[in-house]
Amino acid sequence: MPNSSPTGAVNPRRYHEAISGTLAAQAGRPPVCLYLETTNRCNLLCTTCPRTYAELEPPADMSWELFTSIVDQVPDLARAVLHGVGEPMLVKNLARMVAYLKARGVYVLFNTNGTVLNTRNGRALIKAGLDELRVSLDASNAKSFREIRGRNYFDRILKNVRAFRDMQEREGHALPRVSAWLTGMKETVEELPAFVQVAADIGVKEVYLQRLVYFDKDAIGKARPDQALFERMTNGDARYVKEAADLARALGMTFSASGAASEPSESLRQAEGRSPWSLCRRPWTLMYFTANGRALPCCIAPFSQHGYEHYTLGDATQQSIREIWNGPAYQTFREALHSDAPPRACANCGLRWSL
């Protein structure tokens with residue numbers, strides 16, 4: 001959904017214990033991170049998102065019963081990410097979900113498009129204890145926003161985020177940490193310095209350049225190989241990144257364009273003499289569940305291979321988390337990840353991302 005980005009209050013001992021020792025087909029410990037797709041509904045039509053072009057699953061919000069059932073089966077949960085392919089703030093029970101996780105000491109975050117952020121639901125999230133609110137804006141102006149995200153909501157989002165940050169400052173709420181995210185694309189990289197300024201103008205102090213993920217075949221919308229920056233960055237592209245970093249530094253802001261994983265894991269970068277997918281630790285540390293309870297390997301999979309049926313690892317409405325986590329599908333997936341023939345959704349992971 002970077003190395004220097006906030007990883008939050010994840011207990012290092014929990015995480016390192018989860019990946020210590022030899023990585024085997026059977027995970028030695030339960031997951032420490034959950035991605036819970038609170039909804040697959042969205043009010044935008046982003047040109048970099050597969051849900052804009054096809055119905056991935058029947059429209060649904062994750063039920064309270066399914067949510068608590070999954071969470072209650074993961075005793076050492078350290079981190080929860082409450083987004084998938086939909087807009088979490090459309091979910092009625094979102095603040096309740098955050099509060100349920102915070103009562104267990106879990107670090108909680110989600111991405112939002114900011115379109116429905118208002119005083120009422122903003123206060124509810126603050127009261128619930130949300131740790132991070134990541135605003136996916138993807139543009140520095142209304143014209144680019146409409147072309148990339150499919151709706152004319154740019155000014156509304158800026159107004160919503162500015163009001164939320166003003167409320168936080170006025171009332172002394174340090175949390176949630178609010179950040180702004182832009183997907184790295186050839187088409188918009190020149191907007192990066194302006195994007196930093198827009199974030200500053202609305203009171204956001206952290207900016208991140210997010211990697212573009214795209215299908216290797218039958219690319220959709222603007223999620224295409226020719227838009228990626230990874231291994232294709234020109235001197236001109238790099239200049240915009242440097243300008244953004246310099247401006248952020250001058251404004252006292254955090255800026256990162258490293259594009260590492262968003263959960264407590266290693267950065268997926270190409271390493272000489274190694275298969276890039278072999279660096280991934282997600283199948284030993286985290287689980288991703290769709291709004292309908294389908295278990296997927298990670299949040300990248302829907303963006304890297306068409307068809308959930310190709311990489312579904314279980315069903316939380318029919319199986320226990322223990323049965324899924326070390327079941328045949330997960331073990332086969334892990335074995336393939338450490339072979340010369342990785343799962344197709346993973347084959348170029350780290351190479352097709354923009355940074």
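FYI, side chains are in, hydrogens and waters are out, and symmetry mates aren't considered; it's all heavy atoms of this structure.
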Exercise for review: Given side chain to side chain donor-acceptor pair (under 3.5 Å), test Thr317 with Asp315 step by step and report yes or no.
Suggested key: CA-CA 5 Å; Thr317 67; Asp315 184 348; 2.6 Å; yes

Exercise for review: Output, in order, the C-alpha distance, side-chain angles, deciding distance and verdict of ring pair (Phe, Tyr, Trp, His ring centres under 6.0 Å) for His83 and Trp181.
Suggested key: CA-CA 15 Å; His83 64 243; Trp181 294 69; 9.3 Å; no

Point to revise | side-chain contact (heavy atoms from CB on, under 4.5 Å) evaluation trace for Thr112 with Ser136 | key: CA-CA 6 Å; Thr112 179; Ser136 296; over 6 Å; no

Exercise for review: Output, in order, the C-alpha distance, side-chain angles, deciding distance and verdict of side-chain contact (heavy atoms from CB on, under 4.5 Å) for Val116 and Asn43.
Suggested key: CA-CA 10 Å; Val116 295; Asn43 55 357; 4.1 Å; yes

Practice item. Under the salt bridge (Lys or Arg N to Asp or Glu O under 4.0 Å) rule, what do Arg177 and Glu206 come out as? Steps first, then yes or no, please. Key: CA-CA 9 Å; Arg177 295 171 62 172; Glu206 301 180 27; 3.0 Å; yes

Practice item. Decide side-chain contact (heavy atoms from CB on, under 4.5 Å) for Leu192 and Leu209; before the verdict, give the C-alpha distance in whole Å, the side-chain angles of both, and the deciding distance to 0.1 Å. Key: CA-CA 8 Å; Leu192 192 52; Leu209 182 63; 4.1 Å; yes

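Salt bridge status for Glu87 with Arg41: absent, with no side-chain N to carboxylate O gap under 4.0 Å. Electrostatic pairing of Arg162 and Asp201 does not count as a salt bridge here, judged by no charged N lying under 4.0 Å from a carboxylate O. We find that Arg224 and Glu187 are not joined by a salt bridge, their nearest charged nitrogen and carboxylate oxygen being 4.0 Å or further apart.
In this structure, the side chains of Arg294 and Glu57 come closer than 4.5 Å at one or more pairs of heavy atoms. Leu133 has its side chain out of reach of Leu109: every pair of non-hydrogen atoms, C-beta onward, lies at least 4.5 Å apart. Side-chain contact between Glu132 and Tyr107 is present, with heavy atoms from C-beta onward closer than 4.5 Å. Counting only heavy atoms from C-beta outward, the side chains of Val81 and Leu34 never approach each other to under 4.5 Å. Put simply, the side chain of Phe154 reaches to within 4.5 Å of the side chain of Leu137, judged on heavy atoms. Phe145 places a side-chain heavy atom less than 4.5 Å from the side chain of Leu44. Residues Val135 and Val178 form a side-chain contact, since some pair of their non-hydrogen atoms from C-beta on lies under 4.5 Å apart. The side-chain heavy atoms of Ile321 and Pro30, taken from C-beta on, include no pair separated by under 4.5 Å.
Within a 6.0 Å sphere centred on NZ of Lys205, heavy atoms belonging to other residues, nucleotides or ligands number 12 at most. Other residues, nucleotides and ligands contribute more than 12 heavy atoms inside 6.0 Å of the CZ atom of Arg170.
Using modelled atom types, one finds a donor on one side chain and an acceptor on the other under 3.5 Å when comparing Thr115 with Asn113. Remark: the Glu335 side chain and the Ser339 side chain contain no N/O donor-acceptor pair separated by less than 3.5 Å.
Between Trp325 and the choices Tyr330, Trp284, Phe333, the ring-ring contact (aromatic ring centres under 6.0 Å, His included) rule is met once, by Tyr330.
Partners of Glu37 under the side chain to side chain donor-acceptor pair (under 3.5 Å) rule, at least two apart in sequence or in another chain, are Tyr288. Residues that satisfy the side chain to side chain donor-acceptor pair (under 3.5 Å) test with Asp237, not counting sequence neighbours, are Lys186, Thr234.
Under a 3.5 Å cut-off, the side chain of Ser304 and the backbone N or O of Ala345 do form a donor-acceptor pair. Side-chain N or O atoms of Asn93 include none that pairs as donor or acceptor with a backbone N or O of Arg96 at under 3.5 Å. A donor-acceptor distance shorter than 3.5 angstrom exists from the side chain of Asn40 to the backbone of Pro58, with no hydrogens or angles considered. Formation of a donor-acceptor pair under 3.5 Å by the Gln73 side chain with backbone atoms of Ser69 is found in this model. No donor-acceptor pair closer than 3.5 Å links the side chain of Ser256 to the backbone N or O of Tyr208. Side-chain N or O atoms of Asp61 include none that pairs as donor or acceptor with a backbone N or O of Thr39 at under 3.5 Å. Judged by distance alone, the side chain of Arg104 and the main-chain N or O of Val71 form a donor-acceptor pair under 3.5 Å. Judged by distance alone, the side chain of Arg51 and the main-chain N or O of Leu56 form no donor-acceptor pair under 3.5 Å. With hydrogens and angles ignored, the 3.5 Å screen pairs a side-chain donor or acceptor of Ser63 with a backbone N or O of Leu66. The closest donor-acceptor contact from the side chain of Asn326 to the backbone of Gln331 lies at 3.5 Å or more, if one exists at all.
Transitive grouping of hydrophobic side chains (ILVMFWY, heavy atoms separated by less than 4.5 Å) brings Phe67 and Leu90 into a common cluster. Grouping the Ile, Leu, Val, Met, Phe, Trp and Tyr side chains by contacts below 4.5 angstrom, directly or via other members, places Met167 with Leu94.
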